[in-house]
*Asks:* 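Have a look at the structure that comes next, please.
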Amino acid sequence: METIFKRRSVRKYTEKVISDEQLKQIIKAGMAAPSAKNSQEWVFIVIRDPEIYKAFLGVHPNAFSLNTATAAILVCADLSKEREPGQGWWIQDCAAAMENMLLEATAMGLGSLWMGVHPKEDRIACIKEACGLPEGIEPLGLMSVGEPTKDYDKIDRYMEDRVFFNTYGTKWEK
């Protein structure tokens, strides 16, 4: 729970370069995520090219985090690996991978930000072109990563009024 409560969306990073070993550890965490029917259709692209960052700046409101990030990881799905083609399970699978990666970055003392790509057509088109994604490789999200410029307090977002017992509206008496 420590890492979960500490994770924040970080939009500004120091100049310290994130190592390839750190990025590999974050991606390993992503690959440890559950996936529907164990299809593991995810594909990860490590991005360090500022020109690719610039392409994304015009289409995503939080892409400014890339101005200070020394690395980003694009999470995509290889649709040819879907066990139930057309069902869209890849979205959940890649989202689970992304969340694992965000948590691992936090556990490593790094900051990160999930920038959604799917389902926004302009973002999808931009990132497909910038990263040379072939047909059948679909982007879900882009994660900037770096050393945060400040420490963040833990936060507990539990909302008792959103938890019900058996049926909607029946208060859960814990």
Side-chain angles (χ1 to χ4, degrees), residues 3 6-35 39-82 88-152:
T3 299
K6 189 160 177 59
R7 197 215 64 78
R8 289 287 171 283
S9 293
V10 176
R11 292 172 176 84
K12 191 170 182 183
Y13 308 100
T14 70
E15 293 179 5
K16 183 178 178 186
V17 176
I18 302 306
S19 73
D20 289 341
E21 292 77 24
Q22 289 172 303
L23 292 169
K24 185 175 182 180
Q25 184 66 24
I26 291 168
I27 292 168
K28 280 182 161 185
M31 290 182 176
S35 66
S39 58
Q40 301 176 29
E41 61 272 273
W42 43 64
V43 175
F44 303 90
I45 300 175
V46 174
I47 305 170
R48 292 192 186 268
D49 184 345
E51 292 304 312
I52 295 174
Y53 296 167
K54 285 180 191 173
F56 205 53
L57 286 170
V59 297
H60 197 289
N62 287 313
F64 66 86
S65 72
L66 297 168
N67 288 327
T68 56
T70 61
I73 302 169
L74 178 63
V75 179
C76 302
D78 179 344
L79 300 183
S80 72
K81 299 198 180 307
E82 285 185 294
W89 296 116
W90 70 269
I91 297 166
Q92 294 173 58
D93 297 347
C94 288
M98 181 71 87
E99 181 66 11
N100 274 14
M101 292 167 51
L102 295 167
L103 291 171
E104 181 59 18
T106 300
M108 296 169 68
L110 301 173
S112 59
L113 176 66
W114 179 341
M115 290 171 277
V117 174
H118 180 83
K120 299 281 192 175
E121 289 300 325
D122 59 336
R123 296 176 190 179
I124 293 169
C126 173
I127 209 75
K128 279 186 171 190
E129 182 178 334
C131 293
L133 301 182
E135 188 69 29
I137 303 297
E138 289 296 316
L140 175 88
L142 181 66
M143 173 183 159
S144 61
V145 62
E147 181 181 73
T149 57
K150 65 179 186 174
D151 285 331
Y152 292 84

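Computed from heavy atoms alone, side chains included, the values below leave out hydrogens, waters and symmetry copies. Numbering of residues begins at 1 and proceeds along the displayed sequence.
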*Asks:* Keeping the roles fixed (side chain from S39, backbone from K81), state whether a donor-acceptor pair exists under 3.5 Å.
*Replies:*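 No; zero donor-acceptor contacts below 3.5 Å.
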*Asks:* Mark yes or no for whether R123, through its side chain, and G116, through its backbone, hold a donor-acceptor pair below 3.5 Å.
*Replies:*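 Yes.
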*Asks:* Hey, what do you get for CH2 (W90) to SG (C76), rounding to the nearest 0.5 Å?
*Replies:*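 Interatomic distance, W90 CH2 to C76 SG, rounded to 0.5 Å: 8.5 Å.
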*Asks:* Just how far is it from atom NZ of K12 to atom CG of L113, taken to the nearest 0.5 Å?
*Replies:*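 So the NZ of K12 and the CG of L113 are separated by 14.5 Å.
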*Asks:* Judged by atom type as modelled, is there a donor-acceptor pair below 3.5 Å linking the side chain of Y53 to the main-chain atoms of I47?
*Replies:*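 Indeed, once roles are kept as given, a pair shorter than 3.5 Å links the two residues.
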*Asks:* Using side-chain hydrogen bond (donor to acceptor under 3.5 Å, both in side chains) as the criterion, list what pairs up with E15, not counting sequence neighbours.
*Replies:*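 For E15 there are no side-chain hydrogen bond (donor to acceptor under 3.5 Å, both in side chains) partners, ignoring immediate neighbours.
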*Asks:* Rounded to the nearest 0.5 Å, how far does CE of M143 lie from CD1 of I73?
*Replies:*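 Going from the CD1 atom of I73 to the CE atom of M143 covers 5.0 Å.
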*Asks:* Could you tell me the separation between the CG atom of L142 and the CG atom of N62, rounded to the nearest 0.5 Å?
*Replies:*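 Those atoms lie 11.0 Å apart.
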*Asks:* Determine whether a donor-acceptor pair (N or O, by modelled atom type, separation under 3.5 Å) exists between the side chain of H60 and the backbone of V117.
*Replies:*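 Absent.
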*Asks:* Looking at K54 and E51, is there a salt bridge between them, counting it only when a charged N and a carboxylate O are closer than 4.0 Å?
*Replies:*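 Yes, this pair counts.
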*Asks:* Among pairs that include at least one residue of residues 128-149, which meet ring-ring contact (aromatic ring centres under 6.0 Å, His included), considering only residues two or more places apart or in two chains?
*Replies:*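 Qualifying pairs, neighbours excluded: none.
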*Asks:* Does K128 reach the main-chain N or O of E138 with its side chain, forming a donor-acceptor pair under 3.5 Å?
*Replies:*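 Checked: no pair found.
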